[in-house]
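Heads up: the structure comes next, in structure tokens.
Just so you know, ligand 1 is whichever comes first in the structure, and atom 1 is the first atom listed for that ligand.
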Amino acid sequence: MLECKRIMVRTRIAPSPTGQDFHIGNAYTALINYIFAKQNKGRFIVRIEDTDRTRLVEGSETRILNTMNWLGLTPDEGPYRQSERKELYKKYALELINNGHAYYCFCTPQRLTEVRNQMQKQGKPPMYDGFCKKIKNSPRASLDESRRGEAGQKYVIRLNVPDEGETNFNDLIRGKVSFQNKLIDDQILLKSDGFPTYHLAVVVDDYLMKISHVIRAEEWLSSTPKHILLYNAFKWPLPFFAHLPILRNPDKSKLSKRKNPVWVSYYREQGYLPEAINNYLMTLGWTHPKQLTIFPLSEAILEFSFDRVNKSGPIFDVVKLTWMNGEYIRMMNNEELADKLYSYMNKKFDRKLLLLVSSLLKQRIKKLSEAEGLIDFFIKKPDVDLKVLIPKKRDSQQAKKVLNEVIQDYMGLNNWSTASIHDLGNKIVEKSRWKPVELFQMIRVAISGKTVTPPLFESMEILGKEETINRLETALRNIS
Ligand code: GLU
């Protein structure tokens, strides 16, 4: 780690704009890149990897960048876009042709399918069979490949992987990793549409953008030997590599849309807080040295180290995230919660009302989205279901009588505060000989239409005397 300290730390997140929004797995990778850069007074870069033109999703890039900002993972540089650097990659691919580390391949898609099928039949991993490499190396090669290309034949450029030996590297999380070269495919570097593949572009860009630490998900681990071969072919120094564990569903399968919502935008819409999402993600795969569960980003920046990152895939559990979100809601002061709710609910509720109910809500909600259902009765008259209004063991005559007493008594109450509303409520209970739960639930349903609300007496105070009485009277009129 000492070595890392001496160099200028530059990390990056390199999302492909091929999905609806920012994937939660990508948010996790971005977070670690961000934290590591900040810890080392370095820079965090965003690079849009949009070279796979067939998979581009309209608007994806904008949504990814917005979501990163919302999470607070604002890059220091970028966005750089690979599609704007197309010519550059070609130049580097040609350099590899010239120094023998790459070769032209003119194989047709049909031939490649046949090769793949054959390999599969023989129980071998489906790899390119090196047909064009052999032609290139053969003294009988009839035509210079670049001329064939110019003559209009479609070609790709492939990496010339040595047949023997091993490619090794040190991973900051996994230690020494080795791959046998004979199992590494002669990867396509430049496609027939002139665009680079991920492998060429990622190496060229990580080098040119002076990325010191390539921190990415484990799914890229098997691509890394190809990248190392490329760094070596260009005679470029290697960056540090760290492959983070892949997040999993509670059933241990790879995090997928079918089992869990995977887009950060979903969590945002549901009223999860970015601080809670970041904190929860930090607890996956990394343990705080003091075993803390709840800690701010600043603490993670201070304490993060790769040696505390787990190799095995941590479970992304929405239930735990929701619990943590509830904790974050409770940690906010009333002003903060009111502000959050005000903008979350698009100013639908008066800010003053939100401030009044925020301490009531804090105890009841785990996500901002749960607030509206609990407080909408403050701004709209309820629909009261008589079956819910009248307690199970009472008939409508009894309910009418008691509700009438409730109205009369509350009409006479001048000091409309939670405490006196509560006191008077207790007196009415005694007088009516109803159980407290029967009486208070009837009042709750009459004023809100619901059986679950913020605490009743506070709610009545907030609603105001006139409106409370008005709603009680409406309920009374509805009982035949
Ligand atoms: N474009 C890759 C992705 O979508 C980036 C992989 C890497 O970080 O090298 O995740």
Donor-acceptor contacts, no H, no angles, side chain residues 292-302, under 3.5 Å, sequence neighbours left out:
{"unit_1": "Glu299", "atom_1": "OE2", "unit_2": "His288", "atom_2": "NE2", "d": "2.7"}

Q. Centroid-to-centroid, Phe234 to Tyr207, below 6.0 Å?
A. no
Q: Apply salt bridge (Lys or Arg N to Asp or Glu O under 4.0 Å) to the pair Lys133 and Asp186, showing each step before the final yes or no.
A: CA-CA 9 Å; Lys133 172 150 77 174; Asp186 278 2; 3.2 Å; yes
Q. Which of these, Phe36, Phe44, Phe241, Phe306, sits in a ring-ring contact (aromatic ring centres under 6.0 Å, His included) with His213?
A. Phe36
Show every donor-acceptor pair shorter than 3.5 Å between a side-chain atom in residues 372-381 and any protein atom, with sequence neighbours excluded, or say none if there are none.
{"unit_1": "Glu372", "atom_1": "OE2", "unit_2": "Lys348", "atom_2": "NZ", "d": "2.3"}
{"unit_1": "Asp376", "atom_1": "OD1", "unit_2": "Lys450", "atom_2": "NZ", "d": "2.8"}
{"unit_1": "Asp376", "atom_1": "OD2", "unit_2": "Lys380", "atom_2": "NZ", "d": "3.3"}
{"unit_1": "Lys381", "atom_1": "NZ", "unit_2": "Glu467", "atom_2": "OE1", "d": "3.3"}
{"unit_1": "Lys381", "atom_1": "NZ", "unit_2": "Glu467", "atom_2": "OE2", "d": "2.6"}

Q. When you look for protein heavy atoms under 4.0 Å from ligand 1, which residues do they belong to?
A. Arg12, Ala14, Ser16, Glu49, Tyr198, Val202, Arg216, Trp220
Q: Just jot down the side chain to side chain contact (heavy atoms under 4.5 Å, CB included) partners of Tyr198, sequence neighbours excluded, or say none.
A: Glu49, Val202, Arg216, Trp220, Ser223, His227
